[in-house]
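Note that the coordinates shown come from a computational prediction; the quantities given were computed from them, not determined experimentally.
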Amino acid sequence: MTEHLYHKYVKHMTLEEKIAQLLQLAAPFYDEPGDHSEITGPMEELGIGSETKLAAGSVLGIAGAEKMMAVQKEHLKNNRLGIPLLFMADIVHGFKTIFPIPLAIGCSWNPELAEQSAEIAAREAAVSGLHVTFAPMVDLVRDARWGRVMESTGEDPYLNSVFAKAFVQGFQGDDLRNDVSRVAACVKHFAAYGLAEGGRDYNSVDLSERQLREYYLPAYKAAVDAGVEMVMTSFNIVDGIPATGNSKLLRSLLREEWGFEGIVISDWAAIKEIIAHGAAEDEKEAAFKAIWSGVDIDMMTTSYVNHLPELVAEGLVDEALIDEAVLRILKLKEKLGLFENPMRGADPVLEREIVFSAEHRQVSRKLAEKSSVLLKNEGVLPLAPEQRVALIGPFANSGDILGWWSWTGSKETAVKLDESMRILSENPGNVIIAEGSGIDTISESQRNEALKAAADADVIVLAVGESSEMSGEGGSRSNIKLPQAQLELIELMKGLGKPLAVVLFNGRPLDLHGVYDLADAVLEAWFPGSEGGAALADLLYGKVNPSGKLSMSVPYSVGQIPVYYNSFSTGRPKPEEETGNRYISQYLDIPNEPLLPFGFGLSYTDFSYEGLTLSAETMKGDQPIEAKVTVTNTGKMAGTETVQLYIRDVSAEVVRPVKELKGFKQVELAPGESSEVVFQIDESMLRYHHSDLSVSSDRGQFSLFIGASSKDVQAASFRLLK
């Protein structure tokens, strides 16, 4: 394929045309197709001419079949060699049908539903003219201050890897050329963007190569192994070098070691940002470093367009490097079938039928049900249809439940909580609505309105949280509590002495002081997507039993951050029982443990774990062992339990975490029903990166844990023999 493309296109392209293929321009450049008489607006600001625009290789952020087809048609009419554009966009958790944010999807522990959500997002995006989505983001996250935790599936490398594979498969399918309802996926952000210091977006990252390989790279590798077509560089430095100009990261590791043959694209203006990092004197040097490192597409700067010709003329950049990048771009266009069918799946008629269809919204609703996590329940939930419920708070009637990266979604069409609760109540008049407060303000009239609504209620449900603008890209926060106005509202309602349930809408784990301690029940909804109100009403009234489990720990305090379950013991670990010893690894004023651990989530029923057994007490390298446990639904309602397997290497060459997730299985059980859950453990699950970065297992003792969360487990042990 590559040789064919070289002889048909690359061989006949001027150097300037080749370099223009490496340029990605944003949607505003194409607002007036066909008008090339003046260089104004975005073109003037970026300093490019109409000829460069006509030769550009890809576009960012155009959506809608008619607009895409018009732009493509105009482009092909003027492009000398008839090379079509690639249309790309951030379709992260849905196109028009918005699914829960990825952090919430991680809490479903359901990769099959995650794959289905990506497939639907691809179907809607493709029929609307898009070819590539900038997803999935698989950055491992341990700091809830960072706004982009909402875009990740959590703090565990294994769980993130499972979801990375599922998302890639959902977006791309098996045959991009013939299945025009799929889109190419772009995994991001390579690499370790989730470790930004202080949880501050775009900040520096500093970690050892062993930590990088052990914890931060596995999910990217899973996406590459799943056949992802593109990789996006991260804004941060890796080992002191900006990722976008890091040849060790992009060429040595990604391409040579992992064998990745697809496209590497910079994040927005990241090539130019090499200068701000202090790793390039000017755009010319930044372009030199990026092309040498293997960055194929320059998103929204003129670093390549303005300086690669000069670098080639000076002999500093071999034109073969540029040919290599162009061929990768053309190869994806060929794989998508764009040379034969430049409009691909774009279809204005079908678009109106497929996009935001009832079938798609139903899957969004199901995933929102599976993603919500019941954090606390002291007998308040589920609600009874005959109860008088005061639904109070800024999210009682809000459509701001989609979350960041839902730019093609509609808050106006999002299903709101109040209307859904009224449908499920025995009498719609039994659900009394009051705003109670704004996101960060509360007035006397709002207080009085809330008190009036709650006066005759049997139970109070408070719908509170962050606005979507308070998380996402650029949404870092140092204070991750609810805004003070909403804390005041909770305290006001608590003072009435009535049963109090809180529904949380947010893009990160919050510091829940003033919420968890005052409420009788807490349901973590995250940003649940287009069908969020319907899903949450089903959960609140018990039509659906909560089954979500946290994919990221909920901190006790921001002062603990980063806090995560798979930490190291230290030489002076804090014992479970208080000893009065000052000289151990601890805080004097707060616990070491998070408020709620990774893997935690309640149900309206109860599950017991009994009889953990291993098939053998020793394991030989080529002889796996089995772990079995019996899980029983001891409550009165059918439910789904996520059974989690953790392992610890007790004595290793490099210290190992106190627990590491190695597997999970979901079981659906009727009241009184039991199921024997079996895990197979083989030697490959015990391997890790040693001090010399080699990957192998060590003989010796291992602890095995199975349970309902990373903390609530039964334990056994076995020994690995070599």
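- Ser468 and Asp400 form a side-chain donor-acceptor contact under 3.5 Å, judged by distance and modelled atom types alone.
- For Tyr193 and Trp146, the gap between ring centers is short of 6.0 Å.
- Among residues two or more places apart in sequence or in another chain, the salt bridge (charged side-chain N to carboxylate O under 4.0 Å, His left out) test is passed with Glu524 by none.
- When atom types are taken as modelled, the side chain of Asn160 and the backbone of Gly154 share a donor-acceptor pair closer than 3.5 angstrom.
- Cation-pi contact between Lys662 and Phe679: absent, since separation from the ring centre below 6.0 Å together with deviation from the ring axis within 45° is not met.
- A donor-acceptor contact shorter than 3.5 Å is absent between the side chain of Glu488 and the backbone of Ile442.
- Salt-bridge check for Glu124 with Lys96: failed, with every basic side-chain N at 4.0 Å or more from each acidic carboxylate O.
- Taking the centre of each ring, Phe395 and Trp526 stay at or above the 6.0 Å mark.
- Remark: the backbone N or O of Gly611 is not paired with any side-chain donor or acceptor of Lys628 at under 3.5 angstrom.
- Side chain of Glu151 to backbone of Pro102: no donor-acceptor contact under 3.5 angstrom is found.
- Inter-residue side-chain proximity for Leu383 and Met421 is flagged as met; some heavy-atom pair is nearer than 4.5 Å.
- Taking both residues in full, the closest heavy atoms of Thr634 and Ser608 are given as CG2-OG, 3.5 Å, listed atom of the first, atom of the second, then distance.
- A cation-pi contact, defined as under 6.0 Å to the ring centre and within 45° of the axis, links Lys376 to Tyr516.
- At least one side-chain heavy atom of Leu103 sits less than 4.5 Å from a side-chain heavy atom of Pro509.
- Under 3.5 Å, the side chains of Ser152 and Asp139 contain no donor-acceptor pair of N or O atoms.
- A side-chain donor from one of Ser553 and Glu155 sits under 3.5 Å from a side-chain acceptor of the other.
- No donor-acceptor pair under 3.5 Å is formed between the side chain of Arg200 and the backbone N or O of Ser478.
- Using a 4.0 Å cut-off between charged side-chain N and carboxylate O, Glu593 and Lys711 make no salt bridge.
- Of the residues listed (Thr640, Val544, Ile105), the one engaging Lys370 in a side-chain contact (heavy atoms from CB on, under 4.5 Å) is Thr640, and it is the only one.
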(request) Tell me, with the steps shown, if Arg447 and Glu444 meet salt bridge (charged side-chain N to carboxylate O under 4.0 Å, His left out). (result) CA-CA 5 Å; Arg447 287 189 182 92; Glu444 194 61 34; 3.5 Å; yes

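- A donor-acceptor pair is defined here as one N or O able to donate and one able to accept, closer than 3.5 Å; such a pair exists between the side chain of Asp517 and the backbone of Val515.
- Taking Thr441 as the reference, nothing meets the side chain to side chain contact (heavy atoms under 4.5 Å, CB included) condition, with sequence neighbours excluded.
- The side chain to side chain donor-acceptor pair (under 3.5 Å) search around Asn566 returns none, not counting sequence neighbours.
- A side-chain donor from one of Tyr565 and Asp156 sits under 3.5 Å from a side-chain acceptor of the other.
- A side-chain donor-acceptor contact under 3.5 Å links Ser476 to the backbone of Asp201.
- In this structure, the side chain of Ser710 does not engage the main chain of Pro597 through any donor-acceptor pair within 3.5 Å.
- Between the side chains of Ser443 and Ser445, a donor-acceptor pair is found at a separation under 3.5 Å.
- Between Glu419 and Lys416 there is no salt bridge, since no side-chain nitrogen of the basic residue lies less than 4.0 Å from a carboxylate oxygen of the acidic one.
- Using modelled atom types, one side-chain atom of Asn633 and one backbone atom of Met637 make a donor-acceptor pair closer than 3.5 Å.
- At a threshold of 4.5 Å between non-hydrogen side-chain atoms, the residues Ser471 and Glu466 count as touching.
- Judged by distance alone, with hydrogens and angles left aside, the side-chain atoms of Ser372 form no donor-acceptor pair with the main-chain N or O of Glu369 at under 3.5 Å.
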